Each structure stands twice: as C-alpha cells, then as structure tokens.
Amino acid sequence: MAALIVEVVYRGIFQKNLAARIARGIVLSARKSGRWGIAFGRYGDSPQRNGIPAKDFAIVADTKEELEQNMARYEPKHTDVTIVLDDTLGKGVESWAWYGLQPINKLTVAGGTVLMTSLRSFDDLLKDIHKKDEPYTLALIRAKASFSGLWVYREDHTEVRMLGALARVAPQFLTLDGVCEAIREMEWGSDLKVASARKAFDRLETRPVRITEGNPEVPYSFEMPKWWEMREGVTIPAIPVGKPKEAGKGYVPERNPYFKKYTTRTMRPVIDFDTCVKCNLCWISCPDSCFDVMPDGTFDANMEACCGCGVCEAVCPVEHCITMVNESAFDDNASQWEAWRRDKGAYKTWLVDTIGNKKVTVRSHGFRFRGQYEEELKQDLDAGGVEITAGIPGENAAHKTL
Amino acid sequence: MAVTTAAPAASDEKELLISGSEAVAEALALADIDVVTAYPIRPYDTVMQAIAKKIANGQLVAEYIVAEGEHSQFEIVKHASTVGARVFCGSSGVGWAYAMECLVVTPPLRVPMLALVGNRALDDPGAFGVEHNDALFVRDLGWMLCWIDSSQEALDTTLIGYRVAEDRRVFLPLALSADGAFLTHSQALTLVPPREKVDRFLPRYDRGDLLLHPDNPITVAPQANEDWVIEIRRQNDEAMKRAYGVIEEAYADFRRVFGRGPENPWFEEYMTDDAEVILVGMGTISLPIKVGIRNMRARGKKVGLVRLRWFRPFPTERLVAALSGARAIGVIDRDYSFGSPFASGVVANEVRAAMYNAERRPPLLSFISGLGGREVTLEDVDKAADMCFAAAASGKSDTKTHWLGVRE
C-alpha cells in the first residue's frame with residue numbers, strides 16, 4: 001500500500017489551467033501503471049484573481065481504499081512532491097484565507113521533493129525558500145514561469161515537462177513510458193509534447209537541501225479568534241487613520257497586520273525618486289493603497305502591501321520613473337526610499353543596473369499586444385518545444401510623456 | 001354565557017376599532033420609528049397606507065421611502081438600521097420572495113428590523129388569500145418568526161417585537177406574520193396605550209459598537225472565506241438561543257407596565273388543561289378551532305387548542321410539556337412542504353421533531369387546510385378532532401397527511 005500526494009502551487013488566473021492540467025496529467029499517467037487517483041483544486045473565489053498563490057492537488061494510490069483515506073480532507077496535510085510553477089512563489093504563500101505566510105516547502109514531507117521551474121541557481125533560490133527542519137530535495141526544470149490569461153491557455157509544454165520530471169522524482173508511481181502514453185492520449189497531446197517530456201526527464205537537476213539551508217526568516221503568523229471573541233454583525237473595525245512618515249511630514253497609512261497579500265507579487269515597482277514629479281497618480285491609482293507618502297512628497301511603494309499589479313508603472317507619466325522588476329531580483333521587502341536617502345549615488349547606480357537588466361524587466365505575465373500568443377507559440381515550436389520565450393520588455397515606454 | 005352590556009371601564013388606554021394592519025401602524029407611531037420603506041402588495045399594503053396616514057396626520061415623524069421594489073425596500077431599512085434608525089418594513093407572498101437576497105443578509109448583519117408579513121399565497125396561481133409559506137421562507141436563516149391572531153395582539157407584539165429584536169443580546173430581525181384578509185383587513189376593538197407607558201417599556205435603539213458612524217469607523221460585511229464563516233454562523237446561533245430568555249423577559253415586563261398580555265409568550269393554550277385531543281395551529285385559524293372546540297365540548301368531547309405564536313425561536317421544551325399529556329395531537333398547517341416527511345406541513349414536521357425526545361409521545365396527526373385563504377370550517381375542525389380521537393383509541397400515529405376542505 002502506497003500513495004503519492006502532490007500539490008501544484010500556482011499563480012491565480014495566470015496558471016489556473018496549467019495547474020489543473022498538470023494535476024490531471026499526474027492521475028492519468030499513474031493510471032497507466034494501474035494506480036487510482038484524483039485531481040482537485042481548492043475552491044475559492046480569490047485564487048482566480050491575478051497572481052494570488054493557489055493550489056491544485058493530485059493523489060494517486062495503489063488501492064481505491066487508500067485513495068479515499070487521503071481524499072477525506074479538504075486538502076492534504078503533507079505532500080510527497082510540491083510542484084511550484086513560478087520560482088517567485090519560493091518566498092512563501094499567503095493564500096486567500098487567513099493563515100499567515102506559509103513557506104513553500106511547509107507541506108513537503110521529510111525526504112520529499114520541491115519541483116520548480118526556474119532559471120536561477122539553487123543557492124539563489126534558497127535565499128528565498130524558508131528553512132525546513134527536515135531535509136528534502138530541490139529539483140529544477142530550467143524554464144521561465146509559464147503565464148497566460150483568464151480565458152486562454154499558453155500551450156508551451158510546461159505541463160508535460162513537469163510530468164516528465166515527476167516520472168524521474170516518483171518512478172514508483174509514474175513511469176516515463178506511462179507519462180508519454182498519457183500525454184499522447186490527452187487533450188492536445190502530440191509527439192512533440194512527448195519529446196518535451198522525455199527531455200525534461202533527462203534534464204532534471206536536483207540538489208539535496210539540508211536543514212541548515214534556506215531563508216532563516218520566521219514567517220509571520222497569528223492565532224485566529226474564537227467565535228465568541230469575534231465582533232458580531234459581520235463587522236470589523238475600520239483601518240485607523242495613518243501617521244506622518246516623520247517630523248509631521250508625509251503619510252503612512254495603517255495596514256492590516258494579518259493579511260498582507262505580498263506573495264501575490266511576481267514583479268515589483270522600482271522607483272526613481274530623482275525623476276518623480278510628485279503627481280500623485282501612482283498613489284491614487286494603486287488598488288491596494290501600497291504607496292507611502294514620503295516627507296519630500298515622493299511615493300515609496302510599501303513592499304508588504306504591494307501586489308505587483310503594475311498599475312503604477314502604467315499611469316506614471318515619467319519615462320523610467322516607475323519600472324516593474326521581477327521579484328527574483330530581490331531578497332527582502334526593504335524600503336527603496338530609505339536606500340535612496342542613505343546614498344543617492346549608490347541607489348542611482350543600482351537603479352540603472354536593475355531596470356537595464358532585460359532578464360528581470362521582461363513582463364512575467366499577461367498579454368500586451370494582439371497576436372502575441374501566436375508569435376510566442378510559434379517561437380516555442382520552432383525551437384523544438386523546449387525553450388520558452390522571454391516575453392516583451394518595456395511595453396509601457398511608448399506611452400510616457402515626460 | 002354572561003353578556004356584558006356595560007360600557008368599557010375607564011382606562012388610560014384608548015379603544016379603537018382598527019384592523020390588524022392599522023394596529024401595527026398604531027404601535028409603530030408609539031414606538032416612534034425613524035425609517036419606513038414601502039412597496040405595495042396586498043395584503044401588506046394596508047399597513048403601509050396606515051403608516052402614511054399617521055405621518056400625514058402629524059402623529060408620526062419618520063422617513064417614509066417608497067422603494068422601486070421589495071428588494072430595495074428591505075435593503076434600505078437594513079442600511080438605515082445599521083446607522084441607528086428604528087426601522088419597519090414588510091411585504092407579502094411573492095413580494096417577500098423578491099426581497100429574499102436582502103432577507104438572507106439581515107440576520108448575519110444583526111439588523112433588528114421589524115417586518116410585517118401579510119401572509120399571502122405564493123404565485124402561481126396569482127392569489128391573494130392566506131398561506132404561511134411566504135414567511136416560512138426565512139425559518140432557517142436567523143429571522144425570528146411570530147404569528148398573531150388579533151388586532152390587539154398585533155399592536156402588543158409590535159411593541160414587544162422591537163424590545164426583543166433590539167436587545168443587544170439578540171439583534172436579530174423579526175417577521176411578524178398576520179393572516180391576509182382575516183387579520184389585515186378585519187377591524188376589531190383594540191386598546192391603544194398612551195405613549196408614556198410605551199416609553200417605560202421600550203428603550204431607545206442603541207446599536208453600540210455595531211453602529212455605522214464616523215465616530216465608530218467599522219466595515220460591515222466584508223468578504224470572508226472558510227476561515228471565518230462557521231464562527232459567524234455560530235454567533236447567529238447563539239443570538240437565537242439568547243432570544244428565548246429575552247422574549248420571556250419582554251413579556252413579563254409588558255405585563256408589568258401595561259397590566260395585560262399572556263403569561264406564556266410562546267403559545268396560547270385554549271382549554272388544554274383536561275383535553276384528550278389537542279389541536280395545534282398558527283394565526284387566525286384559532287377562531288374556527290376555538291368555536292369548534294366549544295361545540296365539541298358541549299357534546300362531551302374534550303378538545304383543546306395550542307395556538308403557536310413564536311415559531312422561531314421554537315418553544316421546544318414548553319410545547320413538549322404542553323402536548324405530551326394529550327392522548328392525541330392534531331397539527332393543522334396553513335402551509336405545505338411538498339416531499340417532506342409524511343408529506344406534512346411545516347408545523348407538523350417541527351412538532352414531530354420536537355416530540356421525538358419526549359418521554360411520552362402521543363399519536364400525532366397532520367392536517368393541511370385553509371390554503372389560498374379558503375375558510376377552515378367548523379366541519380373541518382370536527383373532522384380533524386374525530387380522526388385524532390380515533391388515533392387516541394388505537395394509540396397509533398397516522399402516517400398520512402390529511403387535506404381538509406379540498407374538493408375530492
């Protein structure tokens with residue numbers, strides 16, 4: 001008797017079809033070796049919002065009884081394999097429910113595997129991924145995160161790559177031949193996809209992670225109130241009025257200390273405080289009120305509150321004043337304005353380097369022009385279905401007026 | 001029987017010849033309500049006309065808002081109540097159904113509104129007569145439900161209703177049900193107390209820390225997921241449980257201040273002390289049953305009536321105590337619950353469930369009668385009682401539900 005429990009951690013909207021298809025593919029692949037299985041998603045409204053970390057699950061077992069034993073929960077309490085479809089999720093997951101920040105490897109069992117798509121090095125990723133008091137294996141498929149839109153699916157073979165890699169991680173449940181057979185039979189299956197799965201099987205990189213390794217940060221957490229401790233009438237106290245930044249100047253709003261939402265972010269705004277014209281547009285437009293007003297009238301995006309939507313970059317009238325940069329370029333949520341104030345020259349150097357690095361300024365999600373999908377898809381296929389395209393950098397530059 | 005020919009004794013209460021709806025309007029003026037919303041549908045519209053007249057006559061100062069439909073009607077008073085207004089609203093039949101979304105959110109938001117449901121058959125077919133299914137829509141949702149059977153009870157229970165609903169321990173809405181036509185359109189002599197007495201009985205509505213006001217900044221009804229919802233339901237459950245004690249207190253205080261009112265808030269017992277058969281019903285069905293009981297007693301048949309006032313919260317323990325001594329129970333529903341256990345009416349199934357843990361469970365018969373406003377005749381009552389006597393003799397419950405007064 002044995003079972004394999006897999007969670008697929010994904011970004012809401014951008015990867016909802018991808019995650020569901022991987023979970024299905026796991027079950028269908030395991031079926032080829034006579035296993036029973038179920039694929040399911042945690043239902044909620046919020047996961048189907050841009051970027052919110054969400055999960056699908058696949059369970060395969062030797063017998064129906066063992067499968068049911070593992071199904072009788074809202075979601076598994078531990079997983080043999082944690083599949084992570086975007087490496088910025090390595091910073092942790094705050095779901096739509098109030099559970100605090102959960103390390104990406106929280107559910108992974110001792111000796112289990114965190115299987116991720118990433119172009120970054122193991123050591124770089126372990127700066128983000130929290131320490132775990134049990135050893136596990138970090139396994140990487142070399143690829144950028146595959147993001148699509150609300151009603152479209154990006155057919156870039158990420159799905160089959162993960163299945164091919166999983167056959168290497170858990171061969172007792174998924175044989176490579178079983179995976180390939182399932183891929184051929186599945187919706188939109190093809191020999192090209194089978195080739196991608198086999199390549200991923202061969203190219204999977206793994207590294208054992210010791211209990212001393214990883215991000216030492218203690219994730220924030222809290223106790224949920226009892227029913228009789230909660231306010232009645234479905235009421236919550238309003239967020240209090242904020243305070244000046246310092247010396248009676250500027251304005252920092254109070255924020256919800258329990259529900260921060262920043263793990264929704266895949267890119268963050270990088271701000272040039274020297275060229276800011278103090279027009280307020282970013283501050284007014286931010287749907288999460290993430291901007292703090294600084295004493296000098298500039299605006300600092302608070303990284304505990306920013307969801308990374310990019311509206312600020314779109315509305316900012318000044319060229320290169322606000323630039324969205326991939327989360328992978330950052331190790332913390334520190335204030336940019338404070339860094340700028342400490343050393344304006346060093347900040348400028350860092351800023352120019354960072355926003356000049358096309359690797360991290362390429363838009364990680366969303367479609368920006370008509371026909372983009374077809375163009376990128378063609379590139380994927382021309383390249384043999386292995387590499388994933390980089391995306392379109394700097395698409396907002398043409399709209400800047402200052 | 002003694003016949004009273006003397007004029008009524010002098011009292012500080014005025015005696016008026018008014019309908020159940022007008023009696024509610026009298027009580028609303030005495031309770032000095034702040035906001036009332038209106039949208040016409042028979043038979044509830046009688047109360048909205050009566051309130052409008054009160055305002056026009058200068059007897060009541062209140063915001064009177066004619067909404068564009070029942071949905072808005074109930075939504076407006078919900079919001080007015082959260083900012084501290086004492087509110088009143090009401091509807092009938094499918095109008096009440098159209099407001100359903102707003103009715104659903106009212107209890108979890110702990111809005112102590114008072115609504116008059118002029119009970120009316122649900123469409124189709126389009127009909128004006130009484131059935132109780134409209135008010136019963138909300139029986140599981142945290143609304144308190146009370147049925148009244150006279151103008152006097154309409155007036156008194158409106159005052160008691162605000163006292164209970166606005167008690168901080170409760171803060172739940174109350175739907176007061178009045179049978180269409182039989183009560184909403186029938187005028188009876190009714191005592192109207194002076195304002196000073198009402199003021200002694202009914203404190204101001206104080207929403208406390210739930211008040212939506214700039215000085216008490218709160219957010220009402222945010223989105224919540226599985227990490228909060230069951231706790232919110234449990235809070236509602238507790239409020240409804242606390243309502244039992246608050247209702248007892250309110251009736252005791254009503255008797256102290258006004259010198260009248262029932263000892264037992266929950267139900268009226270008519271000739272039950274020695275009754276072998278007890279009939280159970282809600283609303284104005286009490287009238288033909290009482291007359292029928294007197295006739296049957298003249299023939300030596302010991303029959304009694306339990307007329308339920310409070311359906312939510314349901315007076316389980318007291319009802320069981322009142323019924324378990326009978327030799328047979330007959331529940332007459334003015335509603336239906338198609339496909340329910342034994343195809344009974346709603347009240348019969350509730351009484352059955354309440355009796356399940358009783359030490360002594362007499363045979364229980366279920367009757368459906370008076371739908372769509374049809375008269376429940378003395379013959380119907382006789383027939384029901386006779387069937388109950390037969391069940392008492394056999395000691396067995398009948399699993400069939402009997403439709404009285406249906407052409408067959």
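Residue numbers begin at 1 in each chain, while the letters A, B, ... track the order of the sequences. Computed from a predicted structure; not experimentally measured.
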Lys/Arg-Asp/Glu bridge criterion (N-O < 4.0 Å) met for B:Arg168, A:Glu232: yes

Intermediate values then yes/no, side-chain contact (heavy atoms from CB on, under 4.5 Å), A:Lys106 and A:Lys132: CA-CA 8 Å; A:Lys106 181 181 155 92; A:Lys132 189 174 172 68; 5.8 Å; no

Which atoms form the tightest heavy-atom contact between B:Val77 and B:Thr37, and what is the distance? CG1-OG1, 3.5 Å

Do you know which of B:Gln235, B:Arg233, B:Glu238, B:Glu231 has the most heavy-atom pairs with chain A at a distance under 4.5 angstrom? B:Gln235

Counting N and O atoms only, with roles assigned by atom type, does the side chain of B:Tyr39 sit under 3.5 Å from a partner on the main chain of B:Ser72, one being a donor and the other an acceptor? no

B:Asn236, part contacting chain A, at a heavy-atom distance under 4.5 Å: neither

Can you say whether A:Met224 sits under 4.5 Å from chain B via the side chain, the backbone, both, or neither, judging by heavy atoms? side chain

